[in-house]
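Note sheet for the following structure.
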Number of protein chains: 2
Amino acid sequence: MLKGHLDMIVLAALAGAPAHGYAVIQEIHRRSGGAFDLPEGTIYPALQRLEKAGLLSSRWTTAESGRRRRVYTLTRRGRLALADHRAVWQRFIEAVGGMFGHADHATARTDR
Amino acid sequence: MLKGHLDMIVLAALAGAPAHGYAVIQEIHRRSGGAFDLPEGTIYPALQRLEKAGLLSSRWTTAESGRRRRVYTLTRRGRLALADHRAVWQRFIEAVGGMFGHADHATARTDR
DNA sequence: GGCTATGCCTTGTGTTGCGAGGGGTCAAGC
DNA sequence: GCTTGACCCCTCGCAACACAAGGCATAGCC
């Protein structure tokens, strides 16, 4: 469904503030109005991929609860990539919109 | 890029009038404002997939130029599927929009 | 003891867009 | 005559990737 757009979504979720994987899932769920409910098997590999690409950086932290968390932060390149993805996305939805835009031009009134 | 949305795009291209594969490519290119320039290796398998799924039907025709063409027509189920895809798409872009919607809420004014 | 929530991870699989290649016709240009 | 490009059909194989499934661990509640 969100093939190819996952990176953008994850980056967007981290644009506000750094967060750990589990929190990213919740943030995405929240911001999307409940539309996106990504499983861990989707998000964790994505975070690793983005870090390897230099768009995210991570560090281990320990919450007051004693839990170990890997917190991801958007890098400079990550922010640039996000802006980039966003522009591409904009053009994409406009193009798709164009596909619907005009029902047709064959059945329409051809008079004058 | 358009992973998962190809079907919708192809169906939309055929919503106006039946067309053969090559024409579908051109129609998509035209309606998308030049944004989509799909290669044959993408569109032909897609058309076959959609026909096998019962969303399209095809018949061979011969143009006045003598060329053999396989013309695809949207079936009843195809129209329903298109409307369906469109609704999903609408919800999808709204969800993505929500991801950007609010920059954040941490750096924003937290006063009162 | 069992269940749920939190938190991390990997492996395997199915889908799918698309590059590369292979048919063939016809017109225009060198 | 030969090449280039538009038109028109097709198939094979690769790579990317979302995600299901499974595994491990801690903590709180019933």
Side-chain angles (χ1 to χ4, degrees), chain A residues 1-11 13-14 18-30 32 35-53 55-56 58-72 85 88 92 95-96 99, chain B residues 1-14 18-30 32 35-53 55-56 58-72 81 85 88 92 95-96 99:
Chain A
M1 178 83 294
L2 33 74
K3 286 272 174 85
H5 308 292
L6 216 211
D7 291 2
M8 171 181 64
I9 290 171
V10 170
L11 291 176
L14 287 167
H20 58 283
Y22 202 82
V24 168
I25 292 176
Q26 298 175 323
E27 179 70 4
I28 290 174
H29 185 263
R30 194 180 64 80
S32 68
F36 297 146
D37 195 10
L38 307 186
E40 303 180 355
T42 291
I43 186 75
Y44 285 113
L47 288 170
Q48 293 168 17
R49 198 195 322 148
L50 290 170
E51 182 174 21
K52 198 159 75 177
L55 306 184
L56 295 180
S58 72
R59 60 193 153 81
W60 281 99
T61 65
T62 304
E64 30 347 297
S65 63
R67 291 186 185 283
R68 298 275 285 161
R69 292 170 173 170
R70 188 194 285 275
V71 174
Y72 290 90
H85 272 105
V88 171
F92 181 65
V96 173
M99 292 302 302
Chain B
M1 177 85 293
L2 34 74
K3 285 270 174 81
H5 307 292
L6 216 210
D7 290 3
M8 172 181 63
I9 290 171
V10 170
L11 291 176
L14 287 168
H20 58 285
Y22 201 83
V24 168
I25 292 176
Q26 297 174 325
E27 180 69 4
I28 290 174
H29 185 263
R30 192 179 65 78
S32 68
F36 298 146
D37 195 10
L38 307 186
E40 301 181 355
T42 290
I43 187 74
Y44 285 113
L47 288 170
Q48 293 168 17
R49 199 194 323 148
L50 290 170
E51 182 174 21
K52 197 159 76 178
L55 307 184
L56 295 180
S58 72
R59 60 192 154 82
W60 281 99
T61 64
T62 304
E64 24 357 289
S65 62
R67 291 186 186 283
R68 299 275 286 161
R69 294 168 173 170
R70 187 194 285 275
V71 174
Y72 289 90
H85 272 106
V88 172
F92 181 64
V96 173
M99 292 302 301

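- How far CD1 of B/I9 is from OG1 of B/T42: 11.0 Å, rounded to the nearest 0.5 Å.
- When distances run from any side-chain atom of B/R70 to the nucleotides C/dC9, D/dC9, C/dC18, the shortest one goes to D/dC9.
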Would A/V96 and B/M8 count as a side chain to side chain contact (heavy atoms under 4.5 Å, CB included) here? Give the steps. CA-CA 9 Å; A/V96 173; B/M8 172 181 63; 4.0 Å; yes
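- Position along DNA chain C of the nearest nucleotide to B/L38 versus A/K3 favours A/K3 as the more 5'-ward residue.
- Computed from coordinates, the A/K52 NZ to C/dC9 C1' distance equals 15 Å when rounded to whole Å.
- Listed by first and then second residue, the salt bridge (Lys or Arg N to Asp or Glu O under 4.0 Å) pairs involving residues 35-52 of chain A are A/D7-A/R49 (not counting sequence neighbours).
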Report, one pair per line, the protein and nucleotides 23-27 of chain D atoms (nitrogen or oxygen only) whose separation is under 3.5 Å.
{"unit_1": "D/dT26", "atom_1": "O2", "unit_2": "A/R67", "atom_2": "NH1", "d": "3.2"}
{"unit_1": "D/dT26", "atom_1": "O2", "unit_2": "A/R67", "atom_2": "NH2", "d": "3.0"}

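- Here B/R70 pairs with B/S58 under the side chain to side chain donor-acceptor pair (under 3.5 Å) rule; sequence neighbours left out.
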Check the pair A/Y22, A/I43 against side chain to side chain contact (heavy atoms under 4.5 Å, CB included), reporting the backbone distance first and the verdict last. CA-CA 9 Å; A/Y22 202 82; A/I43 186 75; over 6 Å; no
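- Between A/V10 and A/L38, every side-chain heavy-atom pair lies at or beyond the 4.5 Å cut-off.
- Proximity of A/R69 to the phosphate of C/dG7: a side-chain N or O atom is located under 4.0 Å from OP1 or OP2.
- In this structure, CD1 of A/I9 is placed 14 Å from P of D/dC17, rounded to the nearest angstrom.
- Atoms CZ (A/F36) and P (D/dA18) sit 12 Å apart, rounded to a whole Å.
- In this structure the side chain of A/H5 reaches within 4.5 angstrom of the side chain of B/H5, judged on heavy atoms.
- Atoms CG (B/L6) and P (D/dA16) sit 19 Å apart, rounded to a whole Å.
- Within residues 42-50 of chain B, the residues approached by DNA chain C to less than 4.0 Å at the level of any non-hydrogen atom are B/T42, B/R49, in residue-number order.
- In this structure, A/R68 has no side chain to side chain donor-acceptor pair (under 3.5 Å) partners at least two apart in sequence or on a different chain.
- Nearest approach of A/G21 to A/L47, heavy atoms of both residues: CA-CD1, 3.7 Å.
- Both B/G41 and A/D7 lie near DNA chain D, and the one whose nearest nucleotide falls closer to the 5' end is B/G41.
- Taking atom CD on B/E51 and atom P on D/dC9, their separation rounds to 13 Å, with Å as the unit.
- Within residues 19-26 of chain A, the residues approached by DNA chain C to less than 4.0 Å at the level of any non-hydrogen atom are A/H20, A/G21, A/Y22, A/Q26, in residue-number order.
- Residues B/L14 and B/Y72 share a closest heavy-atom pair of CD2-O, 3.7 Å.
- Not a single donor-acceptor pair under 3.5 Å links the side chain of A/H29 to the backbone N or O of A/I25.
- In this structure, the OH atom of A/Y72 is 14 Å from the P atom of C/dG7, given to the nearest Å.
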